[in-house]
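Proteins come first, then strands; the chains are lettered A, B, ... in the order of their sequence lines, and each starts at number 1. Here the structure is a predicted model, which means the values were calculated and not measured. When reading the values below, keep in mind they use all heavy atoms of this one structure, side chains included, and skip hydrogens, waters and symmetry mates.
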Amino acid sequence: MRIYVFSPGLRIWHWVNFLTILVLFGTGLYIGNPFFSGPPGIEATHAYGEGLTMGFIRKIHFLAGYILLASFIFRVIIGIFSKRDRMVLPRFWTRDYWSSLKEITLKYLLLKKDSDGREYIRNACARTAYPLIYLAILFMIVTGFGMYGLSNPGGFWSSLLGWVVWALGGEFQTHMWHRWVAWLIIVAAILHVYFVIREEIIRRNGEISSMINGYKYFEKEPADIGDLK
Amino acid sequence: METFWEAFKRHGVSRRDFIKFATTLTGFMGLAPSMVPTVIRAMETKPRVPVIWIHGLECTCCSESFIRSATPLVSDVVLSMISLEYDDTLSAAAGDAVEEHRRRIIKEYWGNYILAVEGNPPLGEEGMFCVVNGKPFLEHLKESAEGAKAVIAWGSCASWGCVQAARPNPTTAVSIDKVIKDKPVVKVPGCPPIAEVMTGVIMYMVLFGKIPPLDSQGRPKMFYGNRIHDTCYRRAFFNAGQFVERFDDEGAKKGWCLYKVGCRGPTTYNQCGSMRWYNGLSYPIQAGHGCIGCSEKDFWDNGPFYERLTHIPVPRQEADADKVGAVAAAAAVGGAVVHGILSKIRNSKKREEV
Ligand code: HEM
Ligand code: SF4
Ligand code: SF4
């Protein structure tokens, strides 16, 4: 059974998000711990515009930050207007959520075979993990623009998000939080990629290509098919 | 009480020097040059304001800084302009006599005097970790604040807690705004604050009869509106990616950016980069040492001072975010590979037939 799962908007958002986070993580690691020096033998005043300098890398980070913000807003909007794009939300209040969570946990603990039990377009484990990842990204945006704004106290970003910096115990602590959660996102991304590959190999359901063409394959009708229609 | 101009005349200061001083002062207070006539008028007409200056749990570095204020005559003039009625560290008198005087001033100028607080109250053991004149400083502080028009929190101790409030804070030392809630508190953090900043704040309050505009944390905007990093003369090296790696390397000799040896300039709000210290002579970064963030909240807990990233408490290891993060990422990859292989075996067709 071939089911259309991911809308074009969601697929575009996914890859934009992938690229920006990769760039943000790479540049961010450098910003907090510059592990190579800028071009040697040049007057610092002129080095600013030459090659991979701190100034340039920070500029890329902020640019990617704006793109991440825009794509996040886009993601929320398509989620509001299309049912299909709301599938990430966990439904704690249903019994199905809890039984699915139990089932998927047993499968991941290898106590059950993946082909046993019900099939889901998106199982309860994913529905729990994805919202947390969205929260982590939102956290990065909020702390990122909070810090960004404080080079101009009283300006737009600092009036909007300056409070975040103080809620986290000051600007220095905010930098540290921004860095810890950056690593958290990377660990989550590694696990995400792993589970996608695992799904593809074990169930041969077109998991990897689904984020390109939008379709996944199922043997039986998925239990959460109602969330799509 | 006499006005500032009268006090100046009494000190033999010429009209010309007086105008010069008013102009400098206007600059220090962060006001536009068009405000000079206003400042001069205020100095000619405003009577001096009584100040009560008390000392709690502290090291007195704020007073040390203040009396070294290098701007024209500051130590002399400011001390005679504000009428400093009580300062148990500077005054020659001591004991009951001077305490009696404090109570008299509080009564006489109720609602009109400025309370300047250096140091902070420890709350532990009912305040007995710091005793002034036989009573806990906590009581001394509350009693002195009751009739004050406004309160100045000198230094990081009074503003944030500083070293005595660093983890685990054995005496439960707290910033004074945790104790004084019904008065405007102007925070002038720094360990110590720059003398000219202290002068600027107190002169603003005396001349304009109100507290200066404050940011969300209660610090005067004109002095704490910029990061050291954004006013630092080594900033070009930061942007160019030229960093000191060790204090004895080539970069250190060339005066490169101190970010990698722990400089806290990027997260510290103070005037060191622009006003500098000792009448603009220098400041720590100019001397080759990173900023330790002395005017920031909890800066003692944000160590180590010579590293950019704080340590994460991992048993028997020195670990920061990158080390823990890299290990976690490697563990995730390793775990994924192992789990993947096991999953493959578990779900293989062969096992199904068995
Ligand atoms: C998933 C997204 C993001 C990741 C993985 C990420 C990663 C990082 C990392 C690792 C740092 C270094 C932290 C430090 O040690 O100080 C950093 C710094 C920073 N990031 Fe991000 N970041 C993200 C999103 C954003 C966004 C959306 C903004 C908004 C503009 C932003 C603005 C900043 C700023 C202002 C800094 C401090 C730069 C400096 O100190 O010079 N970040 N980021
Ligand atoms: S020395 Fe410190 S304050 Fe100056 S540019 Fe470098 S990091 Fe910023
Ligand atoms: S450079 Fe930093 S640590 Fe040094 S006095 Fe200024 S604010 Fe304090």
Side-chain angles (χ1 to χ4, degrees), chain A residues 29-30 32-34 36-40 42-48 50-58 107-108 110-115 147 150-154 162-163 166 169-176 179-180 182-184 186-191 193-195 197-198 201-203, chain B residues 160 215-217 221 224-227 229-230 234-243 245 251 254 256-257 259-260 264 266-269 293 296-299 301-302 308-310 312 320-322 324-326 328-333 335-337 339-340 342-348 351-352:
Chain A
L29 272 195
Y30 181 84
N33 175 25
F36 59 85
S37 302
I42 303 176
E43 242 330 285
T45 327
H46 306 301
Y48 181 67
E50 300 205 22
L52 275 182
T53 59
M54 178 60 111
F56 178 75
I57 289 171
R58 284 178 84 233
K107 284 180 183 173
Y108 286 162
L110 308 176
L111 295 173
K112 247 182 162 181
K113 285 190 151 201
D114 275 57
S115 49
M147 292 186 287
L150 284 173
S151 57
N152 177 20
W163 61 272
W166 289 104
E171 204 169 332
F172 182 79
Q173 284 299 323
T174 309
H175 275 262
M176 295 304 120
R179 203 169 182 90
W180 295 330
W183 276 107
L184 200 71
I186 291 310
V187 170
I190 291 172
L191 296 178
V193 170
Y194 164 62
F195 278 108
I197 296 174
R198 179 183 190 276
I201 291 179
I202 290 176
R203 286 172 55 194
Chain B
W160 309 124
D215 69 6
S216 67
Q217 302 304 308
K221 277 186 185 163
Y224 296 91
N226 272 318
R227 294 166 173 152
H229 191 52
D230 292 331
R234 296 195 185 207
R235 181 57 185 267
F237 296 110
F238 175 85
N239 286 342
Q242 295 173 328
F243 300 102
E245 307 273 345
K254 288 185 178 150
W256 287 358
C257 168
Y259 187 63
K260 286 188 80 172
R264 295 290 188 262
T267 50
T268 303
Y269 293 78
E296 288 300 299
K297 191 165 184 276
D298 304 333
F299 75 101
D301 294 331
N302 290 338
R308 167 71 178 76
L309 302 172
T310 44
I312 297 174
D320 58 23
D322 286 359
V324 172
V333 172
V337 170
H339 191 262
L342 293 177
S343 299
K344 185 70 187 152
I345 296 172
R346 178 76 176 86
N347 286 289
S348 66
R351 287 288 297 261
E352 208 170 9

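Heavy atoms of B:S216 lying under 4.5 Å from chain A belong exclusively to its side chain. At a 4.5 Å heavy-atom cutoff, A:L52 makes no contact with chain B through either its backbone or its side chain. With a threshold of 4.5 angstrom between heavy atoms, B:D230 approaches chain A through side-chain atoms but not through N, CA, C or O. The parts of B:F237 that come within reach of chain A are both its backbone and its side chain, each placing non-hydrogen atoms under 4.5 angstrom from that chain. With a threshold of 4.5 angstrom between heavy atoms, B:F299 does not approach chain A through any atom at all. Residue contact with chain B, scored on non-hydrogen atoms closer than 4.5 Å, involves the side chain of A:I202 exclusively. In this structure, chain A has heavy atoms under 4.5 Å from both the backbone and the side chain of B:A326.
At a threshold of 4.5 Å between non-hydrogen side-chain atoms, the residues A:H175 and B:R308 count as touching. Between B:D215 and A:P153 the shortest side-chain heavy-atom distance does not fall below 4.5 Å. Annotation: side chain of B:R264 is in contact with side chain of A:F172 (closest heavy-atom distance under 4.5 Å). B:Q242 places none of its side-chain heavy atoms less than 4.5 Å from the side chain of A:T53.
Residues passing the ring pair (Phe, Tyr, Trp, His ring centres under 6.0 Å) test with A:Y30, sequence neighbours excluded: A:F35, A:F36.
Distance check: B:T310 OG1 to A:Q173 CD gives 6.0 Å after rounding to the nearest 0.5 Å. B:I312 contributes atom CD1, which lies 9.5 Å from atom CE of A:M176 (distance to the nearest 0.5 angstrom). Taking CG from A:L111 and CZ from B:R346, the interatomic distance works out to 7.5 Å, rounded to the nearest 0.5 Å. B:N239 CG to A:I57 CD1: the interatomic distance, rounded to the nearest 0.5 Å, is 11.5 Å. In this structure, CD on B:E245 lies 5.5 Å from OG on A:S37, to the nearest 0.5 angstrom.
Residues A:L110 and B:S343 come closest through the heavy atom pair CD2-OG, 3.5 Å. The two residues A:E171 and B:P266 have their closest heavy-atom pair at OE2-O, 3.6 Å. Heavy-atom minimum distance, A:P34 versus B:K260: O-NZ, 2.6 Å. Of all heavy-atom pairs spanning B:R227 and A:L150, the tightest one is NH2-CB, 3.4 Å.
Chain A forms the most heavy-atom pairs under 4.5 Å with one residue out of B:F243, B:W256, B:F238, and that residue is B:F238. Options B:A336, B:A332, B:A331, B:C257 differ in how many heavy-atom pairs under 4.5 Å they form with chain A, and the most are formed by B:A336.
Residues B:D322 and A:R179 are paired through a salt bridge, judged by an N-O separation under 4.0 Å between the basic side chain and the carboxylate.
A donor-acceptor distance shorter than 3.5 angstrom exists from the side chain of B:N347 to the backbone of A:D114, with no hydrogens or angles considered. Listed for the B:H339 side chain is a donor-acceptor partner under 3.5 Å among the backbone atoms of A:Y108.
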